[in-house]
Structure formats: structure tokens, C-alpha cells
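This structure is a prediction, so every number in the text was calculated from the model and none was measured.
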Amino acid sequence: MVRHNNVLPNSHFHKNWQIRVKTWFNQPARKLRRRTNRVKKAQAVFPRPVEGHLRPVVRGQTLKYNRKVKYGRGFTLAELKEAKINKHEALKVGISVDYRRKNRSERSLKENVQRLKNYKSRLVVFPRKSRKSTKKGEKKAAPAVDVSQATQLKGEILPLNKPSPKVVRANVSEILGKSKQTVYQQLRHARADARLIGVRKKRTEEKAAKAEAAKK
């Protein structure tokens, strides 16, 4: 910042700055348009869920993000086969399919298979066209189904159960009162115990082996 009553250097105050200002006066109208589009989409897909297809539970890539649980692109062919669902009929009943993803662990396979079975147990399939006439080999006509009485699911399909970390609170004064050592000394001892666990284990095993050899 310039000190004292001096001339401001490089003062560009004669530019037409108004033409470089960007405004968003269409924001409220776009908000309304997005809302109306959501309502139209929900009416178009009725009685199917608003959110779309069922998606699997996967974990993030790499060591940094593999603790994060999120939705995947689609279920693998192995998961569909284990849940006894045909891959060609999966999309028709609202199950997304991913032909590229592979199961690298038994745990993720079992989790997604259980998710498919849970979805299958709650699934209600309506006929696209209610037939009044009977086909050959049928004794009675198919019963008319009133789809308008169905309720549409709004929100996530089988939402994720993200595990929340449990924080165990402890009174520091009680912990320090039991030990005569300072916090720094306790940390150094704990670090040494963790570092020397292998050496100490080997030493005790050698000592026990020598004691058994001396008995013989």
C-alpha cells in the first residue's frame, strides 16, 4: 500500500469496466425451470422411482479414498448371476448394469448381492398394458391393475448406511493420575513398545528354546 499523500501509480480508471461485468439475472427463472422439469420427469416415469435405477455400493479408488462408500455405475454380471437376475431383464426392472466393473473382493460381492435380493423382495412390477381378452391356454382374463393408485418412491432407492466413526471420550486427569509418568514419557514408551515388539518376541522365543534344551 502507498504511504503518504502521493500519486497512485498505474491507476487505470478510464476503462469501460461495465462491459466486463457478468450478471446472473436469469437465476430465479432457471430455478423454476429445473423444478418444473423435475415434476415433468416424475410424471413421465410414474410409477417408477423418481431417482432412476438401483445402483450398487462401491468404495473409492486408491489407498487415500478407499474408506469412502458411494454409489457405483452399475451391478456386475457376477453380482446379477449370484442374485439370479437376468442381465437383459435387469434394466427393465430398474437395476443398472455395468459390464466393465469386476469384483475384486468377496465382501463387496456379498454386499451388492444382498442389496439386489433386498430390492427384489420389495419390487412390484405392473403390466404395461392391462389385457381384457384371454390368450390361448389361459382360462381367465388377466385382472385389471389400477396403476393410478400406486405410490411413487421419492428419494434414494435403498439409501446407503455410511458408518459413522465412534468417538470414545476419556477423562485425561484420571488417566494421568494412575501413572507417575508424564504424557511425553508415556508416548515414548508406547512408541518403543510398538517398534521393538518383533525383537522382544524373538528374544523370548530364543530364551524359551534354550531353557527347553537345558532340560534335555
Report the distance from atom CD1 of I157 to atom CG of N118, rounding to the nearest 0.5 Å. 12.0 Å

So, do L153 and V50 sit near enough that their side-chain heavy atoms are less than 4.5 Å apart? no

Using 0.5 Å steps for rounding, measure from the CG atom of N37 to the CZ atom of R35. 11.5 Å

Hydrophobic clusters here meaning ILVMFWY residues chained together by side-chain heavy-atom distances under 4.5 Å, can you tell me if V125 and V45 are in one? no

Please report the shortest heavy-atom distance between S96 and P56, naming the atom on each side. OG-CD, 4.2 Å

Please determine whether the number of non-hydrogen atoms from other residues, nucleotides or ligands lying under 6.0 Å from atom CD of Q61 exceeds 12. no

Under the side-chain contact (heavy atoms from CB on, under 4.5 Å) rule, what do N112 and V57 come out as? Steps first, then yes or no, please. CA-CA 6 Å; N112 286 320; V57 177; 3.9 Å; yes

Shortest non-hydrogen contact between L160 and V69, atoms and distance: CD1-O, 4.0 Å

Does L109 share a hydrophobic cluster with L116, counting links as ILVMFWY side-chain heavy atoms below 4.5 Å and allowing steps through other members? no

Heavy-atom count check: over 12 atoms from other residues, nucleotides or ligands less than 6.0 Å from R200 CZ? yes

Locate the shortest heavy-atom distance separating Y119 from V93; write the atom from each residue and the value. OH-O, 2.7 Å

Would you say Q43 and V39 make side-chain contact, with heavy atoms under 4.5 Å? yes

Is atom CG of N26 surrounded by more than 12 heavy atoms (other residues, nucleotides or ligands) closer than 6.0 Å? yes

Nearest 0.5 Å, what's the NZ-CG distance between K92 and N86? 8.5 Å

Given side-chain contact (heavy atoms from CB on, under 4.5 Å), test K201 with R203 step by step and report yes or no. CA-CA 5 Å; K201 186 179 179 182; R203 192 182 300 164; over 6 Å; no

Is the shortest distance from a Lys or Arg side-chain nitrogen in E111 or R107 to a carboxylate oxygen in the other one below 4.0 Å? yes

Without hydrogens or angle criteria, can the side chains of E79 and N103 be said to hold a donor-acceptor pair below 3.5 Å? yes

Quick check: closest heavy atoms across F126 and A150, and the distance to 0.1 Å? CZ-CB, 3.7 Å

Between R115 and K117, is there a side-chain heavy-atom distance shorter than 4.5 Å? no

L80 and V113, any side-chain heavy atoms less than 4.5 Å apart: no

Is the backbone of P28 close enough, under 3.5 Å, to the side chain of R33 for a donor and an acceptor to pair up by distance? no

N16, CG atom: more than 12 neighbouring heavy atoms under 6.0 Å: yes

Flag side-chain contact, heavy atom, 4.5 Å: E156 against P49: no

Going only through I, L, V, M, F, W and Y residues with side-chain contacts under 4.5 Å, is there a path from Y65 to Y71? no

Tell me whether F46 shares a hydrophobic cluster with V124, the cluster being built from Ile, Leu, Val, Met, Phe, Trp, Tyr side chains joined at under 4.5 Å. yes

Would you say that more than 12 heavy atoms from the other residues, nucleotides or ligands in this model lie under 6.0 Å from the CZ of R30, or not? no

Does a side-chain heavy-atom distance below 4.5 Å link V97 with R73? no

With rounding to the nearest 0.5 Å, note down the distance linking OG1 in T182 to CZ in R188. 11.5 Å

If I take atom NZ from residue K154 and atom CD from residue E51, how far apart are they, to the nearest 0.5 angstrom? 12.0 Å

What's the separation between atom CZ in R48 and atom NZ in K41, rounded to the nearest 0.5 Å? 11.0 Å

When you look at D193 and I197, which way does the side-chain contact (heavy atoms from CB on, under 4.5 Å) test go after all the steps? CA-CA 6 Å; D193 292 339; I197 186 170; over 6 Å; no

Would a 4.5 Å heavy-atom cut-off, applied to side chains only, mark F75 and D98 as touching? no

side-chain contact (heavy atoms from CB on, under 4.5 Å) for N66 and T62? Distances and angles first, verdict last. CA-CA 6 Å; N66 62 1; T62 70; over 6 Å; no

What are the two closest non-hydrogen atoms of R101 and T76, and how far apart are they? O-CG2, 3.1 Å

Shortest non-hydrogen pair, R59 vs R67, comes out as NH1-O, 3.4 Å

